[in-house]
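Below: the structure, in structure tokens.
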Amino acid sequence: MAADAKTALETLAQEHRTFAPPKAFAARANAGDPGIYDRAAKDLEGFWAEQAGSLAWRKPFSKVLEWEAPYARWFVGGELNISENCLDRHVKAGRGARVAYHWEGEPGDTRTLTYQDLLDETQRCANALRSLGVRKGDRVAIYLPMIPELPVAMLACARIGAPFTVVFGGFSAEALSGRINDSEAKVLVTADGGYRKGGVVPLKKNADDALAQTRTVEKVLVVRRTKQEVPWTDGRDVWWDQLVGAQKADCPPEPLDSEHMLYLLYTSGTTAKPKGIVHTTAGYLAGVAATHRMIFDIKDDDVYWCAADIGWVTGHSYIVFGPLANGTTGVIYEGTPDFPDRDRWWSIVEKYRVSVLYCAPTAIRTFMKWGPEYPRKHDMRSLRLLGSVGEPINPEAWLWYHEVIGGGRCPIVDTWWMTETGMILITPLPGITTTKPGSATFPFPGVAADVVDEEGKSVALGGAGYLVITRPWPAMMRGIYKDDARYRDTYWSRFPGRFFAGDGARRDADGYFWLMGRVDDVMKISGHRISTTEVESALVSHSAVAEAAVIGREDPVTGQAIFAFVTLRGGKDGGEPLSRELREHVVRTIGSIARPKTIMFTPELPKTRSGKIMRRLLRDIANGQPLGDTTTLADTTVVESIRGASASGRDD
Ligand code: PRX
């Protein structure tokens, strides 16, 4: 960055500047009347009934909300089909020729899918799934790269009422098998491989390794993407092009109860076992469609690009269901931002005339590090609105995004939400809200959020505490699959009657929310949610490891980075070879997103007298901060020995 630009940004950061919606933007915004907040707060059910009214129903609902904490039922008694809402509805309205997705493969191949194309392929896929024995209620696991067949498979499942679980393509065989076993999936949809950074991810091989540890999968539907040789089991494995290609593009959508399970999505909690978050049909769709329309201000002539992976909730809600319900034209890109060069994203923005871009702060900080010359190579004047999600965005990154990517003219929506919430809950409305760099601003209309202290008392403006949501919302999770006790315990026991998000937050004097990160043992690595316990249990499953403690160390690009303290059986320091081996061991157990950045071998770990590892101390050590209170330590010499060991800590 040029020195003068840097100074300008620093000055902005110090000014605490606010950004009012540009007048022209506000004048034609989908949500332009600030009265919407009051109206929704006074009549929550009326507000959501109105949003749900724009969907196509097979049977009208008789009641908007039944709330028996901690379980909600929305649009009770109603029936609809999500794939009908996302596809048939638009085609019937004469919009079949509209582009649903401009798809761009990493090697540079492209596909354009209209709403008619997507409907046809979804119907063929739905028939193929039925021919493989999938019936309403059966679970289907999906382990695919970012190719059009991924949304097609999700929509096909939704069409026949088969709940699906998408497993991010970067997860390992072991992570995949755990999710298949918990969901008891009957069919797995995968691909031979996927492209990433110019190489091939061997998805089918991983899938086969996973299936060796599962019992429920009867058939495997395999998309041909990379065309390399793959292991094959006759009778079980079927090629997508052969089976799906042979089906009729005619599969009437099943009318489904509002509360029919749409999908399960596994996410890390504070134990080693991921939680299967349950989302259902009508409330979820109403929630993601309304938020997508208002927050991203979607218009017919927009080209919308959410650059997340569909394997995460952001992709479920804001690449697939929200945008398609709104008949949006979107972009899907398969690969990494630096292939073949660091301007790949900006070339995509220019090529498709992207007008709305939604991505994670980690990506923005990476682009900052690479420098403004990459975006400057491209004409990005098509952009009119920018979004951020997944982790707190620091004001510097916000301002850089605003200036360098948005040319100073695009409002930024910093959207706070979670896998559990299904839809965005705290966010600006770009035609109404005056933004402050780094703040997610205010709850979406109808959403009631509070910041509370240890006792659950609301903290006055200006103070910090725990973020809770105090009223139900339509896309909220409907529980943890097969684990009611864990659902109640994790989200509803700490502050009874209120949803505990697990985030710290502060409200400033104007009532703006500033998210401060997780307050539990969940890390955010490049916006990905990884539990410290999951990585610890992967480490101790290695025969050389006696004990491990993992913390998230602050990182200027990825937000947090994984820092592992490891005590070996017998040995003192494993040296670089063992350090490398342990990193790979974690990758094999969880996936590359969980690869520890630093491993430090220590003779012991600091514990309390009752044997609990003192993570707080380790966090201070890893972040190079002065140590807090050490009086509860059982053995105070341990800290000195860890400090002595710091020389053997290794970075990548
Ligand atoms: O800590 C918060 C952070 O991401 C967590 C949820 O992670 P996940 O379920 O993977 O969903 C991410 C995408 C919706 C939250 O508990 N988070 C998400 N968005 C923001 C955020 N932190 C600060 N600001 C955000 N805009």
Side-chain angles (χ1 to χ4, degrees), residues 81-91 96 98-105 109-132 134 138-169 185 187-192 194 203 207 219-226 238-254 262-263 265 285 306 308-311 315-325 327-334:
N81 183 284
I82 284 192
S83 89
E84 180 177 15
N85 270 279
C86 289
L87 304 171
D88 310 55
R89 189 160 58 113
H90 307 310
V91 172
R98 217 177 131 69
V99 174
Y101 293 124
H102 294 287
W103 175 81
E104 169 123 346
D109 49 338
T110 61
R111 282 166 71 183
T112 307
L113 286 99
T114 63
Y115 275 88
Q116 181 72 59
D117 297 334
L118 204 55
L119 173 60
D120 290 348
E121 190 68 356
T122 296
Q123 299 198 82
R124 279 193 284 266
C125 179
N127 283 330
L129 289 172
R130 282 212 173 120
S131 80
L132 295 175
V134 178
D138 288 342
R139 271 83 59 216
V140 173
I142 305 176
Y143 183 58
L144 284 174
M146 286 280 283
I147 53 178
E149 285 78 4
L150 175 47
V152 165
M154 295 160 80
L155 290 159
C157 287
R159 198 162 186 89
I160 60 176
F164 56 84
T165 186
V166 179
V167 180
F168 170 58
V187 163
L188 171 66
V189 184
T190 188
D192 47 1
L203 292 173
K219 297 282 180 186
V220 182
L221 185 57
V222 189
V223 180
R224 222 188 288 264
R225 166 71 185 128
T226 49
V238 196
W239 285 113
W240 174 295
D241 47 356
Q242 286 172 11
L243 184 70
V244 176
Q247 305 296 316
K248 279 207 258 167
D250 176 20
C251 175
E254 283 260 354
L262 171 65
Y263 67 79
L265 186 56
L285 191 65
C306 167
D309 194 289
I310 294 177
H316 283 57
S317 298
Y318 297 109
I319 296 178
V320 183
F321 297 112
L324 294 179
T328 308
T329 292
V331 170
I332 297 181
Y333 168 54
E334 178 186 32

Do N127 side-chain atoms and D250 backbone N/O form a donor-acceptor pair below 3.5 Å? yes
Check L265 against G311 and note the closest heavy-atom contact, atom names and distance. CD1-O, 3.7 Å
So, applying salt bridge (charged side-chain N to carboxylate O under 4.0 Å, His left out) with R111, which one of E121, E149, E104 is it? E149
Given the rule in the side-chain contact (heavy atoms from CB on, under 4.5 Å) test, do Y101 and V320 qualify, once you have shown the distances and angles that lead to the verdict? CA-CA 10 Å; Y101 293 124; V320 183; 4.1 Å; yes
Across all chains, not counting sequence neighbours, the side chain to side chain contact (heavy atoms under 4.5 Å, CB included) partners of T114 are Q116, D117
Thinking salt bridges, do E254 and R130 make one under a 4.0 Å N-O criterion? yes
Looking at every heavy atom in both S83 and N81, which two are closest together, and how far apart are they? N-OD1, 2.8 Å
To the closest 0.5 Å, what do you measure between CZ (R89) and CG (L119)? 13.0 Å
In terms of heavy-atom contacts, A128 and V244 come closest through CB-CG2, 3.7 Å
Going from OH on Y143 to OG1 on T165, what distance comes out if it is rounded to the nearest 0.5 angstrom? 13.0 Å
Check: Q123 side chain, C251 main-chain N or O, donor-acceptor pair, under 3.5 Å: yes
Say whether, by atom type as modelled, one donor and one acceptor occur between the side chain of D192 and the main chain of T226 under 3.5 angstrom. yes
Is a side-chain donor or acceptor of Y115 paired with a backbone partner of C86 at a separation under 3.5 angstrom? no
Between CD1 on residue I310 and CE on residue M146, distance to nearest 0.5 Å: 4.5 Å
Taking atom OG1 of T122 and atom CG of L87, what is their separation to the nearest 0.5 Å? 5.0 Å
All heavy atoms of V223 vs all of W240, minimum pair found to be CG2-CE3, 3.5 Å
Identify the two heavy atoms, one from L155 and one from F321, that lie closest to each other, and give their separation to 0.1 Å. CD2-CE2, 4.1 Å
Over all atoms of both residues, closest heavy-atom pair of L203 and G169: CD2-O, 3.6 Å
Supply the atom-to-atom distance L132 CG to L243 CG, rounded to the nearest 0.5 angstrom. 5.5 Å
May I ask you to decide whether R225 forms a salt bridge with E334, counting only side-chain N to carboxylate O separations under 4.0 Å? yes
In Å and rounded to the nearest 0.5 Å, what is the CG to SG distance from L118 to C125? 10.5 Å
Taking H316 for its side chain and M154 for its backbone only, find out whether a donor-acceptor pair lies under 3.5 Å. no
